[in-house]
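For reference, the structure discussed in these notes is given below.
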Amino acid sequence: MKNNRNISSWSPTSWRNYKAAQQPEYEDKAQVLACLETLRGKPPITTRGEVDRLRMELADAAEGRRFVLHGGDCAECFADCRADVLMSTLQVLLQMSMVLTYATRKPVTRIGRIAGQYAKPRSQAYEVVDGVNLPVYRGDLINRHDATAEARKADPSRMMSGYHHATASLNYIRALIEGGYADLHHPKRWDLAFIKKSKNRVAYKKIVDAITDAIQFMDTIGAVDSSERLRRISFYTSHEALLLPYEEAMTRRETGGEYYNLGAHYLWLGYRTSDINGAHVEYLRGLRNPLGVKVGPGHSPEAIVRLIRSFDPDGIPGRVTLITRFGASNIGRMLPPVIKAVQKAEVPVLWSCDPMHGNTEVLADGRKTRRLKNIFSELEQCFHIHGAMGSSLGGVHFEQTGGAVTECIGGSLKSARQLEHYETVCDPRLNGAQALEMAFLIARMLR
Ligand code: PEP
Ligand code: CO
């Protein structure tokens with residue numbers, strides 16, 4: 001294994017000299033190579049200009065001038081590449097950002113776990129289903145969820161499908177936004193059925209009315225610039241950089257010699273692939289994209305500083321988002337030493353809180369769930385700890401869907417018995433009402 005990580009030794013393929021965790025075993029190696037060759041010739045999904053713009057927005061958020069909402073599905077499925085699913089996920093994110101912008105008077109950057117969030121790290125390589133030992137499902141980019149040996153085989157052609165589904169999804173989202181769907185002149189268009197039943201409906205309606213009023217006023221006095229700005233928003237796409245051959249094939253060399261992964265705007269390093277000597281760290285360090293780094297109970301403050309330095313030796317603003325996911329019962333003890341170490345090392349980061357992944361529980365029937373009370377507790381503690389230490393929380397990272405699912409306990413869902421609409425293929429997600437409740441909590445914290 002190599003260990004001299006200077007930038008001159010990096011290339012889009014240099015990760016292959018390092019140990020890569022969480023990779024599938026493909027039977028047909030020739031087919032893998034053929035798929036990657038085809039992918040390399042495909043047009044990119046994003047552009048360098050957009051990626052650079054996001055990095056600047058994240059730099060702003062690190063300075064407290066913006067807030068970042070980073071959310072979407074845990075594991076997107078190809079079958080969910082549908083207008084209704086994409087639109088409702090976008091609606092919830094738009095509603096959340098409207099609540100935040102209104103409450104804080106700060107712009108919000110929206111990043112979706114969408115249009116490419118197809119590969120999942122797993123804690124076990126095998127699982128027993130109805131007495132049969134099967135390889136685990138690793139996300140639609142790799143295999144199928146059905147519980148058969150055939151479905152669970154890693155299939156290289158799914159990388160091609162992943163590219164096409166990501167492209168179709170982002171194309172639709174871009175068209176919605178360009179066509180004025182996110183226009184603040186008509187926030188009522190985003191109303192989903194759940195709003196009527198939500199305990200936040202009155203507060204939400206007040207915001208919508210106040211915004212509509214303000215916009216009408218601007219239109220009346222002819223404040224054309226501001227009004228025009230409200231018609232367009234920016235929206236960015238992200239996923240966990242997990243399946244390295246795919247990510248390598250989506251890497252493009254731009255004029256000037258810099259490398260960008262143009263399969264997304266933003267990529268993150270997962271908790272389970274954060275070995276500082278591993279292949280994922282090697283691959284990501286050579287890109288110009290802004291990066292998320294998930295850290296939790298398994299990382300020491302020193303290890304976290306080393307990770308940040310390996311991605312950002314030059315201290316580029318907006319380059320690294322540190323996404324902490326300690327869990328409600330650990331954060332009080334574990335976050336302060338990390339903030340202290342990062343402050344002492346003077347490495348600039350944007351702090352984000354993932355209050356989901358440290359608060360997962362397994363029910364007696366084997367399903368995973370999360371309690372809103374723990375999710376909200378971690379988030380509140382995170383705001384308070386940063387505030388008390390002269391630091392600031394600039395974003396949140398969460399798993400949400402626009403569908404009327406019941407996967408997390410809390411809000412109007414009082415107990416595990418009510419988890420009737422449990423649809424996730426991986427982690428439990430917030431439904432629209434729960435996500436909106438979280439937005440109101442964040443708004444209170446930021447005020
Ligand atoms: C995820 O974000 O879906 C995930 C697996 O998170 P983590 O790597 O933090 O466990
Ligand atoms: Co998850």
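Ligands are counted one by one from 1 in listed order, and the atoms in each one are counted from 1 as well. Worth saying up front: this structure is predicted, and the values here are computed from it rather than measured.
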Closest N/O/S atom of [X] to the Co ion (ligand 2), by atom name?
{"X": "His357", "answer": "NE2"}
{"X": "Asp427", "answer": "OD2"}
{"X": "Glu399", "answer": "OE2"}

Closest non-hydrogen protein atom to [atom], residue and atom name please, with distance?
{"atom": "atom 8 (O) of ligand 1", "answer": "Tyr271 N, 2.8 Å"}
{"atom": "atom 6 (O) of ligand 1", "answer": "Lys294 NZ, 2.9 Å"}
{"atom": "atom 9 (O) of ligand 1", "answer": "Arg325 NE, 2.7 Å"}
{"atom": "atom 5 (C) of ligand 1", "answer": "Pro121 CG, 3.8 Å"}

Below 4.0 angstrom, N of the basic side chain to O of the carboxylate: do [X] and [Y] qualify?
{"X": "Asp155", "Y": "Lys153", "result": "no"}
{"X": "Glu57", "Y": "Arg110", "result": "no"}
{"X": "Arg113", "Y": "Glu399", "result": "yes"}

(request) State, with a plain yes or no, whether a side-chain heavy atom of Arg144 is found less than 4.5 Å away from one of Arg158. (result) yes
Any N/O pair [X]/ligand 1 closer than 3.5 Å:
{"X": "His357", "answer": "yes"}
{"X": "Gln117", "answer": "no"}
{"X": "Asp427", "answer": "no"}
{"X": "Arg272", "answer": "yes"}

(request) Kindly confirm whether the Co ion (ligand 2) is within less than 2.8 Å of some N/O/S atom in Cys426? (result) no
Give the atoms of ligand 1, by number and element, whose distance to some non-hydrogen atom of [X] is under 4.0 Å.
{"X": "Cys74", "result": "3 (O)"}
{"X": "Gly270", "result": "8 (O)"}
{"X": "Arg113", "result": "1 (C), 2 (O), 3 (O)"}

(request) May I ask which of Lys120, His70, Met356, Glu240 has a heavy atom nearer to atom 3 (O) of ligand 1 than the others do? (result) Lys120
(request) Would you mind telling me if ligand 1 is within reach of the side chain of Glu399, the backbone, both or neither, using heavy atoms under 4.0 Å? (result) side chain
(message) Heavy-atom pairs closer than 4.0 Å: do any link ligand 1 to the side chain of Cys426, the backbone, both, or neither?
(response) neither
(message) Testing the 3.5 Å rule here: is there a donor-acceptor pair between the side chains of Ser14 and Glu282?
(response) yes
Can the ring centres of [X] and [Y] be said to be less than 6.0 Å apart?
{"X": "His280", "Y": "Tyr18", "answer": "no"}
{"X": "Trp268", "Y": "His239", "answer": "no"}
{"X": "His299", "Y": "Tyr271", "answer": "yes"}

(request) For Glu247 and Asn261, run side chain to side chain donor-acceptor pair (under 3.5 Å): C-alpha distance rounded to whole Å, both residues' side-chain angles, the deciding distance at 0.1 Å, then the answer. (result) CA-CA 7 Å; Glu247 301 303 343; Asn261 181 308; 2.8 Å; yes
(request) Write down the atom of His265, the atom of Phe235, and the distance for their closest heavy-atom approach. (result) CE1-O, 4.1 Å
(request) Determine the interplanar angle of the His165 and Phe78 rings, folded into 0 to 90°, and report it as parallel if under 30°, tilted if 30 to 60°, perpendicular if over 60°. (result) parallel
